[in-house]
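Predicted, not measured: the structure shown is a model, and the values here were computed from it.
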Amino acid sequence: MSDIRLFRYNATEAQELAGKSVAIEKTLQSLIESQMETFLGVRFLATEYSTGNKHRGRIDSLGLDENGCPVIIEYKRHSNETVINQGLFYLDWLLDHKADFRLLVMDKLGKEEADKIEWSETRLLCIASDFTRYDEHAVAQINRNIELIRYKLFGDDLLLFELVNGANAASTAATATVEDDPVETKPTKVPAASTLAMKTHADQMATASPELLTLFEQTRSFILAQGDDIIEKPLKLYVAFRRLKNFVCMSLVSKQDPRVFLTLKLDPTTADLEKGFTRDVTNIGHWGTGDLEVALRKPADFEKAKSLIERAYQEN
């Protein structure tokens, strides 16, 4: 059970708001689908998506996240419902019907987004008012991208989401392998050819110096230390760190001007931009999500970046 408590207060008194679940789960589904990108960082594609006459199923919600990863969302309507098993069935179905999903993305978001689909990190989100300890244990034993999200309603206009298994999902990501796929992954915003070499993140890591790898791991450890709700997702071109949504993406350049670079979800106008260290990439092509880029070339840069990383975690 969640131990989150919410209070409304003023100068003289405080009043606890009682949490509740929706009477009809379809109400919650409709609400999330209408604001899916704001709530979860996922672009809405379809509701009650049919898997065809042979498989005879309906996926509650389908979407594409900010990293280009397909997302299946299933809503747990009853405490005894096996939503995880059902979600795994749909997850396998989706990976076996990539062409159908790609056509859906093309129809809703266009060919450019369809070309950027990151199949290796396809996600299953299970949303419910509560989960049992058996749900959490089962997900911890399954090497799949499954996230359990608990919700609560407070009053008439407050909705809370709590990621139940952030640490487990993060450890799953660390052991995930990238599947071969004929579709080439492209950047979120296409950079100029002179800006970044078209190398995968794994390629850059393989050719980086020991000093740069140390800086990378030091930064990675600091990011993960911000909270146990962080999920780390290694992708083809960068590593994304998120809670429910990305707050920082990280990669490196191993040649010419070796550096670790971060893209943070912070408003660049709220940071003191320093040439060679931070820059506003709102309208500049770059890997990952976020509009503030931070370049780390030496340990002193990492020390300066700590406060920005902390802000990105806290504000997202």
### Query
Taking 4.0 angstrom as the limit, do Lys26 and Glu48 come out as a salt bridge?
yes

### Message
As an exercise, state the distance from CD of Glu33 to CG of Leu31, rounded to the nearest 0.5 Å.
### Response
10.0 Å

### Query
Any donor-acceptor pair under 3.5 Å linking the side chain of Thr263 with the backbone of Thr289?
yes

### Message
Quick check on Lys245: does its NZ atom have over 12 non-hydrogen neighbours (other residues, nucleotides or ligands) under 6.0 Å away?
### Response
yes

#### Entry: Atom CG of Asp257: over 12 foreign heavy atoms under 6.0 Å
yes

#### Entry: Short side-chain to backbone donor-acceptor contact, Thr122 and Trp119, under 3.5 Å
yes

### Query
Is the CZ atom of Phe7 crowded by more than 12 outside heavy atoms at less than 6.0 Å?
yes

### Message
Applying side chain to side chain donor-acceptor pair (under 3.5 Å) to Ser61 and Tyr75, what does each step give before you reach the verdict?
### Response
CA-CA 9 Å; Ser61 304; Tyr75 307 89; 2.9 Å; yes

### Query
Between atom NZ of Lys108 and atom CZ of Phe44, what is the distance when rounded to the nearest 0.5 Å?
7.0 Å

### Summary
Rounded to the nearest 0.5 Å, the CD1 atom of Ile73 sits from the CG atom of Leu40 at a distance of 5.5 Å

### Derivation of the side-chain contact (heavy atoms from CB on, under 4.5 Å) call for Leu6 and Leu158
CA-CA 10 Å; Leu6 187 65; Leu158 295 175; 3.8 Å; yes

### Message
Between Lys116 and Glu113, does the salt bridge (Lys or Arg N to Asp or Glu O under 4.0 Å) criterion hold? Intermediate values first, please.
### Response
CA-CA 5 Å; Lys116 295 189 293 186; Glu113 294 301 316; 3.1 Å; yes

### Message
A side-chain contact here means heavy atoms from C-beta on lying under 4.5 Å apart; do Ile4 and Lys152 qualify?
### Response
no

### Query
Does some side-chain heavy atom of Val294 sit less than 4.5 Å from a side-chain heavy atom of Leu296?
yes

#### Entry: Evaluation steps, side-chain contact (heavy atoms from CB on, under 4.5 Å), between Ile146 and Leu88
CA-CA 9 Å; Ile146 304 173; Leu88 283 170; 3.7 Å; yes

### Query
What's the verdict on side-chain contact (heavy atoms from CB on, under 4.5 Å) for Leu64 and Val71, showing C-alpha distance, side-chain angles and the deciding distance?
CA-CA 6 Å; Leu64 192 73; Val71 180; over 6 Å; no

### Message
Given the ring of Tyr313, does Arg243 sit roughly above its face, with NZ or CZ under 6.0 Å from the centre of the six-membered ring and within 45° of the axis?
### Response
yes

### Task
Using the rule that two of Ile, Leu, Val, Met, Phe, Trp, Tyr join whenever any of their side-chain heavy atoms come within less than 4.5 Å, decide whether Phe89 and Ile142 are in one cluster.
yes

### Query
Applying the 4.5 Å side-chain criterion to the ILVMFWY set and letting contacts propagate, would Met106 and Leu45 be lumped into a single cluster?
no

### Query
Hey, mind stepping through Glu310 and Gln226 against side chain to side chain donor-acceptor pair (under 3.5 Å) and telling me if it holds?
CA-CA 7 Å; Glu310 290 171 341; Gln226 298 307 301; 4.7 Å; no

### Task
Grab the two heavy atoms, one from Ala128 and one from Lys76, that are nearest each other, plus how far apart they are.
CB-CB, 3.3 Å

#### Entry: Verdict with reasoning, Leu125 to Leu148, per side-chain contact (heavy atoms from CB on, under 4.5 Å)
CA-CA 6 Å; Leu125 309 186; Leu148 305 181; over 6 Å; no

#### Entry: Candidate pair Phe101 and Trp93, rule ring pair (Phe, Tyr, Trp, His ring centres under 6.0 Å), full reasoning
CA-CA 10 Å; Phe101 184 81; Trp93 179 90; 9.2 Å; no

### Query
Would you say the side chain of Phe241 lies within less than 4.5 Å of the side chain of Asn246, judging by non-hydrogen atoms?
no

### Query
Does the side chain of Glu74 come within less than 4.5 Å of Tyr90's, by heavy atoms?
yes

### Glu274 with Lys304: basic N within carboxylate O range, under 4.0 Å
yes

### Non-hydrogen side-chain atoms of Leu262 and Thr219 separated by less than 4.5 Å
yes

#### Entry: Atom of Leu163, atom of Ile149 and distance for their closest heavy-atom approach
CD1-CG1, 4.1 Å

## Note on the structure
Minimal heavy-atom distance between Ala295 and Gly276, with the atoms involved, is CB-O, 3.9 Å

### Query
So do the side chains of Asp60 and Gln29 get within less than 4.5 Å of each other, counting heavy atoms only?
yes

### Query
Between Phe216 and His201, what is the ring plane arrangement, given parallel below 30°, perpendicular above 60°, and tilted in between?
tilted

### Straight-line distance of Asn316 CG to Arg242 CZ, nearest 0.5 Å
13.5 Å

#### Entry: Flag, side chain of Gln15 to backbone of Arg8, donor-acceptor distance under 3.5 Å
no

### Query
Charged N to carboxylate O below 4.0 Å: is that the case for Lys233 and Glu121?
yes

### Task
Identify whether Tyr49 and Leu95 are in the same connected component of the hydrophobic contact network (ILVMFWY, side-chain heavy atoms under 4.5 Å).
yes

### Task
Return the minimal non-hydrogen interatomic distance between Ser21 and Ser129, and the atom names on each side.
CB-CB, 3.5 Å

### Query
Phe161 and ring pair (Phe, Tyr, Trp, His ring centres under 6.0 Å): which partner among Phe154, Tyr151, Phe39?
Phe39

### Query
Would a hydrophobic clustering, with Ile, Leu, Val, Met, Phe, Trp and Tyr connected at side-chain separations under 4.5 Å, put Leu273 with Phe277?
yes

### Query
Gln218 versus Phe302: any side-chain heavy-atom pair under 4.5 Å?
yes

### Query
Is there a donor-acceptor contact under 3.5 Å from the side chain of His286 to the main chain of Ile284?
yes

### Query
Does a donor on one side chain and an acceptor on the other come within less than 3.5 Å for Asp203 and Thr200?
yes

### Query
With no hydrogens and no angle check, is any side-chain donor or acceptor of Asn67 less than 3.5 Å from a backbone partner on Cys69?
no

### Task
Any pair with a residue in residues 11-20 that passes salt bridge (Lys or Arg N to Asp or Glu O under 4.0 Å), sequence neighbours left out, goes on the list, sorted by first then second residue, please.
Arg5-Glu16

### Summary
Between Val139 and Ile84, the two heavy atoms sitting closest are CG2-CD1, 3.5 Å

### Query
Cluster question for you: counting only ILVMFWY and a side-chain heavy-atom cut-off of under 4.5 Å, with indirect links fine, are Leu103 and Ile59 together?
no

### Task
In plain terms, say whether Arg43 and Glu37 are close enough for a salt bridge, that is, a side-chain N and a carboxylate O under 4.0 Å apart.
no

### Pairwise side-chain contact, Ile72 with Arg123, heavy-atom cut-off 4.5 Å (strictly under)
no

### Separation between CD1 of Ile32 and OG1 of Thr38, rounded to the nearest 0.5 Å
12.0 Å

### Message
Less than 4.0 angstrom from a charged side-chain N to a carboxylate O is my criterion; do Lys265 and Glu66 meet it?
### Response
yes

### Query
Salt bridge or not for Arg259 and Asp301, using N-O below 4.0 Å?
no

### Query
Listed by chain and number, what are the salt bridge (Lys or Arg N to Asp or Glu O under 4.0 Å) partners of Asp92, not counting sequence neighbours?
Arg144

#### Entry: Electrostatic pair Lys236-Glu118, nearest N-O below 4.0 angstrom
no

### Charged N-O contact under 4.0 Å between Glu217 and Arg220
yes

### Summary
Output for pair (Leu266 CG, Thr278 OG1), nearest 0.5 Å, gives 11.0 Å

## Note on the structure
Closest non-hydrogen contact found for Gly290 with Val281 is O-CG2, 4.0 Å

